[in-house]
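Working notes for the structure below.
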Amino acid sequence: MPFSLPSLGGRLEKGSSFRSIAAAVAVLTLSTTGNAILPIPYAFAVSGAVAASLIIFFVALSNVFTCKLLLRSAVSTGTSDYEGLSAAVGGPWLKLWTGIWIVVLLIGTNIGAIIQERSGALLCASGLMGEAFGYAISTQWPDAPGWLWERSGTAAMLFFTLVIIFPLSMLPRMRHLEYVGNGGIVILLALAVIVMIKAISNGMPALASGDFPHVSSGDLTSVSETFSLLCFAFYHQVMMMPMLSEMPRITSDCARRSAKELHRASTITILGTSGTYYWITGFFGASMYGASGISDNFLENIWLPGVGTFVINLLVTIYLALSIPPIFKSTNHSVDVWLLQLFPRNYGGLKPWVQRLILNCITIFTCLGVAVAVPGQSGTVLTVTGATGVAICSYITPVLIHFLLWFGKARCMRVPPPGPAAVELAGGTALEPAAVGAAAAAAAEKDAEAGEGAEAAPTDATDGSSDGGLAKATGNVAVAVPSKGGSVSSMHVPHPDAPAGLFYAYRKQRCHTLWLLAYDFVLPILVVALGCFFSVTTLVLLFQPGGEE
């Protein structure tokens, strides 16, 4: 039986925490590491060993920090996804703003993952599925029919999209991609080992000769380019937050524990699986060929003799095809919220599998249409949306939410409760605190009997969260009532020390004032500066004269 996230019943059996983390690591690694899988050795070669290693470490830690800010904010506000958190903290306009940029970023990533687009040495969305397969065919089988590899591998785009991407995207939950994620990790490990063995067996000639600088190349443009690429390589937040809605959330303590597990999983992914792969392939790839010999697509260099070139290209093609469905699942999560708000009766009343079919037709075929129609024209647009989308979703918005909650300016903290110690349920009945627990338990039991395991459809009242119920909170009592047709229910009781409107206090007591200033003020500001610098640098590199090939 595969590892899976625990059921939403709230009973975590022994070992379930490890299984939750392992499943999350597999899916998150699959969905994020494909974004910069091929140009990393080039980025190392043009920047220098020490410089590139410091950049990758700094960018990784920055993403770990913003992931922690988002999960900490979600626990404090009782929300379970990015859009719901934005609505609770900043209201409907921040929710709309966040949702738009999430979709723009992920759509751009998905299109780039189907085609290869170059902008200078930056690869748009760093996706290369079509050209990876086309390159494999053209090099190993020169007499192959042109339709197999022409137009950036259009035939491969169509085949892998219809045969692998679409069916996997129809799975009900992101966590169901765990087995696929484990397979992707194996492919990444194989690629890293191949590159490392090739470099070591040849004595790492570029590092020995100085073609791969030991410290830094001294070229500010190259270092900035590496910085931009690695920022895009580590964007993690928009895939992590939808997974939070699939974690156990039946009580506030359970939701808090789930957020901690997801934070551990995201940290392991960023610093462990993804970060380790990036560093191994980057350092040893650059050590082998150096700045003068490495290609911005490391598949164009020779790593295995003979048919091995075809094998390694095929492995990358398969990995890229497997890495796209989790990104589409995240995209569909945001689009689903929009459709439920626009068509609450027509769309909300459909069966879950029909909703997934509609979502996939909208997102997947839109991306496929762009990839097939303009395989050589969309690089500029996608690089712009990628640069701005990563900066906004991964750096700027998490810090904005952090400061709004820290200073008590969040919308959920300003809205007065509807009444003293009362909870208005979906049916319009007001209950005293003593009756809330019994009512919630009865509702959950009744809903479980109606259909255990059914999928919960988010409603307008949940702000896009997948709790599947209508939640109302007053004073120190909160309860979520299961929505029609959903099996997910929750009973969240705010902590006694929590400020009004929150389930847990967001401001943490620090041992020293200097540590408070450094962690809660200076570090977030540095992260925002990182995101803005990344965005501006990418745009400057894109539009500078001679920057496009």
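Worth saying up front: this structure is predicted, and the values here are computed from it rather than measured.
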**OP:** Applying side-chain contact (heavy atoms from CB on, under 4.5 Å), name anything that partners Leu96, two or more places apart in sequence or on another chain.
**Re:** Trp93, Ile100
Original post:
Going by distance alone, is a donor N or O of one side chain under 3.5 Å from an acceptor N or O of the other, for Asp81 and Ser245?
Top reply: no
Original post:
Which heavy atom of Leu340 sits nearest a heavy atom of Gly348, and at what distance?
Top reply: CD2-CA, 3.7 Å
Subject >> Test ring-ring contact (aromatic ring centres under 6.0 Å, His included) applied to Phe283 - qualifying residues, sequence neighbours left out >> reply: Phe212, Trp279
**OP:** Apply side-chain contact (heavy atoms from CB on, under 4.5 Å) to Lys68 and list each qualifying residue two or more places apart in sequence or on a separate chain.
**Re:** His263, Tyr519
Original post:
Excluding sequence neighbours, so at least two apart, what forms ring-ring contact (aromatic ring centres under 6.0 Å, His included) with Phe343?
Top reply: none
Subject >> By ring-ring contact (aromatic ring centres under 6.0 Å, His included) - contacts of Trp97 (at least two apart) >> reply: Trp101
Subject >> Flag side-chain contact, heavy atom, 4.5 Å: Val527 against Leu69 >> reply: no
**OP:** Using the test ring-ring contact (aromatic ring centres under 6.0 Å, His included), find all partners of Phe284 that sit at least two apart in sequence or belong to another chain.
**Re:** none
Original post:
How would you list, by chain and number, every residue that makes a side chain to side chain donor-acceptor pair (under 3.5 Å) with Ser266, sequence neighbours excluded?
Top reply: none
Original post:
Who passes side chain to side chain donor-acceptor pair (under 3.5 Å) against Ser76, sequence neighbours left out?
Top reply: none
Subject >> By side chain to side chain donor-acceptor pair (under 3.5 Å) - contacts of Thr77 (at least two apart) >> reply: Thr79
Original post:
Which residues satisfy the side-chain contact (heavy atoms from CB on, under 4.5 Å) test with Leu271, sequence neighbours excluded?
Top reply: Ala60, Leu61, Val64, Thr267
Original post:
What residues form a side chain to side chain donor-acceptor pair (under 3.5 Å) with Ser73, not counting sequence neighbours?
Top reply: none
Original post:
Residues two or more places apart in sequence or in another chain: which of them pass side-chain contact (heavy atoms from CB on, under 4.5 Å) with Pro41?
Top reply: Ile294, Phe298
**OP:** Using side-chain contact (heavy atoms from CB on, under 4.5 Å) as the criterion, point out the one residue from Leu191, Ile197, Val195 that pairs with Trp303.
**Re:** Val195
Subject >> Interatomic spacing from CD1 in Ile364 to OG1 in Thr331 - rounded to 0.5 Å >> reply: 9.0 Å
